[in-house]
S.K.: 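Take this structure first; my questions come after.
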Amino acid sequence: MCTLWNLSVDEELRVKIANSDILPFLINSLDDDDIKVKEGAGGVLSNLALSHCNHSMMVEAGIIPKLAKLLKTDMEGSKVIRKEARNALLELIKDQYYRILVIEEGLVPVPMVGAASYKSFKPGLYSWPTMPDGTEIEQTSKGPSKFGASELLLGLNVGENAELEEARKNAIVGRTQQQFLARIGAIELDGKRESQSDIPTDNRFTLLPWIDGVARLVLILELNDEVAISRAAESIADSSINEHMRTSFKEAGAIKHLVRLLDHNSFAVRSAVIHALERLSVSSSLYHVLEAEGILHPLVCTLKRSETSGSLMEKTLDILARILDPSKEMKSKFYNGPVNGSKMGIDAARSLDASARLTGDKPVSIMDSRKELLDSTVITRLIEILKTSPSNLQRKVASILEFITIIEPSMETIIKVDVSSGLEAVFQQKAVKDKEADVEGQELDEYALELEEAGLAVSAASRLLTKLLDSEQFCQKIDSTHFTKLLRKILKSDIPLRNKDWVAACLVKLCSISSPNVDFENPINMEVTLYETIPRLIEQIKLSLSPETQESAAVELNRIISEGVVDSTRAVASEFGIFPLVNLIEQGSDRAVEAALSILYNLSMDSENHSAIIAAGAVPALRKIVLSQRSHWSRALRLLRNLPV
């Protein structure tokens, strides 16, 4: 082992060692009882990790869980092996995918910022202790003890707060340990010894168990070093890979510090903080905590700045669109219970009140912060983004504008601004202009992605337009004929079917307020039926796992075709509806079989459909129904007679 350790210093030999049968043996040796064998294996693997070309082989061989276990286990005489394990993992986490695997094993990458940076840390030694997220602990003692014992022993007697959640207990433990190390100046002793390393200080990291790592990153956010703060915020973003980690950062108090840093003078700090908040905002349980901490005001200010970079603007809109979700807001108006697994407003109010008590500030009402969205400058900026941005940003802006229509039912502010021009820009995207779109010179995957994003943007804009049509003032202002033509084109486009539901709903609503001069050569209701309803029903018959859903879809489709809607049978055939209908007569309920037989009979009246019906396997299925004298056998026989068999 020691010989291999020495040889693996040479890069060419490293590659030879990794490509041989020695690699699995080295990894298995990490579990050896002999500490010297472990150290030798760890040293070789640490050197192998220095060559990027070896990383995939090492990860596939299962090295990450083994090394992580060594770092999380504190054994006697394990100093060398822990160092080698850390060095190997630090090389692997340079790849973002391997970094995720390391974090999933319970280790968090923490930047080495230098012991000098921690000198600016000022713990609240003389204030009543609080939870890491800022929540105050009720003072159960009538007065301070003579020697301050009540404060010192608070962790042993917290009164009503004794019943703490596991995440909060871990946050308290982590904070206590890291603040203690910072106060005695021992938080980065290893960093001092490695100060002569060839690695620049700005690029050095260490790996800590997640309880300590989360607490250390939050502690760095309280320092005065801008570079350290930026690196900590980026590490928080990288580590927020799942619900467990995001909740841990919330309980550790990261959110209040990140929101505070949104007003920082440094652009680098603001960018890193926005990135961290964007990753944290993925959790629906944190929406109200973020809003209660006052995140809307700095985000709106960022939105107003015309010089805001594209990536920063995208992340800002991401956070706003998640917090200001119109569907969740509507649900909260009519339902006072838990939404998305969180208690509406309870955690948020607790966090907000705690923050106010700590700072001495008067709590800002959530509704007051939302009123900033009604500023005409903000709405004008949103519509400008709607007109000039790609589809992914248009979708988010349309969702935010819809939220504004909910908090201001009169819609006066948004109607005064030219919102129609923004909607028109969304509906006239290149990807949705023509069903026969030119995809030459464009990869099919790229075109499919473009259609997907365009469909989401169009769906959000259609939903916004439908909401705006509730206003009589807006109806008088809008050119309904023009928007009807735009939406009819979209209905016939190649955007995904699931994105056409709001387009269809909006078209029907527009039709009801249109002037009599609208071109009715192809009635709106008929087009909605052909391009949205029929494809949706066929998709339900084809993909639904629920027999009841398949049955109701087949019955509804049969009703449409029986009413003689023009081109309805052609629409069923063009949407490849024959195969799922044949499957339905073999496996469906009696009612579904009856509807499917009726639809197929109508389709068989056109000889062009005969080959498709036969190819779908209809003949054996129909004969089986007739010979077994099942119910509807007469319908099956009539369909058989229509086919050239």
S.K.: Enter the distance from Ile383:CD1 to Leu423:CG here, rounded to the nearest 0.5 Å.
M.R.: 8.0 Å
S.K.: Under the side chain to side chain donor-acceptor pair (under 3.5 Å) rule, collect the residues that match up with Ser283, sequence neighbours excluded.
M.R.: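 Listed in chain order: Glu243, Arg246.
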S.K.: Report the residues that fulfil salt bridge (charged side-chain N to carboxylate O under 4.0 Å, His left out) with Asp375, sequence neighbours left out, ordered by chain and then residue number.
M.R.: Lys304
S.K.: Apply side chain to side chain contact (heavy atoms under 4.5 Å, CB included) to residues Thr380 and Asp418 and explain how you reach the verdict.
M.R.: CA-CA 8 Å; Thr380 302; Asp418 187 18; over 6 Å; no
S.K.: Can a cation-pi geometry be assigned to Arg279 and Phe249, taking NZ or CZ under 6.0 Å from the six-membered ring centre and within 45° of the ring axis?
M.R.: no
S.K.: Quick one: salt bridge (Lys or Arg N to Asp or Glu O under 4.0 Å) pairs with a partner in residues 46-56, sequence neighbours left out?
M.R.: none
S.K.: Any chance you could lay out the side-chain hydrogen bond (donor to acceptor under 3.5 Å, both in side chains) test for Ser459 and Asn499, step after step, and finish with the verdict?
M.R.: CA-CA 5 Å; Ser459 179; Asn499 300 136; 4.7 Å; no
S.K.: Do the side chain of Ser240 and the main chain of Ile236 share a donor and acceptor less than 3.5 angstrom apart?
M.R.: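 It does hold such a pair.
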S.K.: Can you sort out the partners of Ser391 under side chain to side chain donor-acceptor pair (under 3.5 Å), two or more places apart, ordered by chain and number?
M.R.: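 For Ser391 the side chain to side chain donor-acceptor pair (under 3.5 Å) partners, ignoring immediate neighbours, are Gln429.
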S.K.: Is the closest side-chain donor-acceptor distance between Ser235 and Asp238 under 3.5 Å?
M.R.: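 Ser235 vs Asp238: no donor-acceptor pair found between side chains.
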S.K.: Going from OG1 on Thr206 to CG on Leu89, what distance comes out if it is rounded to the nearest 0.5 angstrom?
M.R.: 10.5 Å
S.K.: Out of curiosity, Gln177 CD to Arg216 CZ, how far, rounded to the nearest 0.5 Å?
M.R.: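 Output value for this atom pair is 10.5 Å.
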S.K.: Can you tell me if Arg231 uses its side chain to pair, donor with acceptor, with the backbone of Met112 under 3.5 Å?
M.R.: yes
S.K.: Could you pull out the closest heavy-atom pair between Leu67 and Ala88, with the gap in Å?
M.R.: CD1-CB, 3.7 Å
S.K.: Sequence neighbours left out, what passes salt bridge (charged side-chain N to carboxylate O under 4.0 Å, His left out) with Asp318? Give chain and number order.
M.R.: Lys396
S.K.: Nearest 0.5 angstrom please: Ile187 CD1 to Tyr118 OH, how far?
M.R.: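 Separation between the atoms: 4.5 Å.
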S.K.: How close do Gly253 and His257 get, heavy atom to heavy atom, and via which atoms?
M.R.: O-CD2, 3.1 Å
S.K.: Taking all heavy atoms of Ile220 and all of Ala228, pick out the closest pair and write down the distance.
M.R.: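 Smallest heavy-atom distance, with atoms named: CG2-O, 3.4 Å.
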S.K.: Using side chain to side chain donor-acceptor pair (under 3.5 Å) as the criterion, list what pairs up with Arg395, not counting sequence neighbours.
M.R.: none
S.K.: Indicate yes or no for a side-chain donor-acceptor contact from Asp212 to the backbone of Leu208 under 3.5 Å, with no hydrogens or angles considered.
M.R.: no
S.K.: Using the test salt bridge (charged side-chain N to carboxylate O under 4.0 Å, His left out), find all partners of Glu402 that sit at least two apart in sequence or belong to another chain.
M.R.: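 Glu402 satisfies salt bridge (charged side-chain N to carboxylate O under 4.0 Å, His left out) with Arg463 only.
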S.K.: Using the test ring-ring contact (aromatic ring centres under 6.0 Å, His included), find all partners of His52 that sit at least two apart in sequence or belong to another chain.
M.R.: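 Partners of His52 under the ring-ring contact (aromatic ring centres under 6.0 Å, His included) test: His55.
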S.K.: First locate atom CD1 of Ile319, then atom OG1 of Thr302, and finally report the distance between them rounded to the nearest 0.5 Å.
M.R.: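 Between atom CD1 of Ile319 and atom OG1 of Thr302 there are 9.0 Å.
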S.K.: Taking salt bridge (charged side-chain N to carboxylate O under 4.0 Å, His left out) as the test, write out the residues that go with Arg381, two or more places apart.
M.R.: Glu384
S.K.: Flag the pair Arg322 and Glu278 as a salt bridge only when some basic side-chain nitrogen lies within less than 4.0 angstrom of an acidic carboxylate oxygen.
M.R.: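 Looking at Glu278 together with Arg322, the answer is yes, because their closest N to O distance falls below 4.0 Å.
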S.K.: What's the separation between atom CG in Leu217 and atom CD in Gln178, rounded to the nearest 0.5 Å?
M.R.: 9.5 Å
S.K.: If you look only at pairs with a residue in residues 211-238, which of them pass as a ring-ring contact (aromatic ring centres under 6.0 Å, His included), with sequence neighbours excluded?
M.R.: none
S.K.: For a quick test of reading the model, state the closest non-hydrogen atom pair linking Asn54 to Arg14 and the distance between them.
M.R.: ND2-O, 3.8 Å
S.K.: Looking at every heavy atom in both Ala215 and Arg175, which two are closest together, and how far apart are they?
M.R.: CB-N, 3.6 Å
S.K.: Of the non-hydrogen atoms in Arg260 and Leu221, which two are nearest, and what is the gap between them?
M.R.: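 Heavy-atom minimum between the residues: NH2-O, 3.3 Å.
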S.K.: Kindly state each residue pair satisfying side-chain hydrogen bond (donor to acceptor under 3.5 Å, both in side chains) with at least one member in residues 92-114, sequence neighbours excluded.
M.R.: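 Those involving residues 92-114 are Glu91-Lys94.
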S.K.: Give a yes or no on whether the backbone of Asn224 and the side-chain of Ser120 come within a donor-acceptor separation of less than 3.5 Å.
M.R.: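 Side chain of Ser120 to backbone of Asn224: a pair is present.
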S.K.: Please determine if Arg370 and Glu291 form a salt bridge, counting it only when a charged side-chain N lies under 4.0 Å from a carboxylate O.
M.R.: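 So Arg370 pairs with Glu291 through a salt bridge.
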S.K.: What side-chain donor-acceptor pairs closer than 3.5 Å can you find for residues 265-275, not counting sequence neighbours?
M.R.:
residue : atom : partner : partner atom : Å
Ser266  : OG   : Ala268  : N            : 3.3
Ser266  : OG   : Val269  : N            : 3.3
Arg270  : NH1  : His264  : O            : 2.9
Arg270  : NH1  : Asn265  : O            : 3.4
Ser271  : OG   : Phe267  : O            : 3.0
His275  : ND1  : Glu234  : OE1          : 2.9

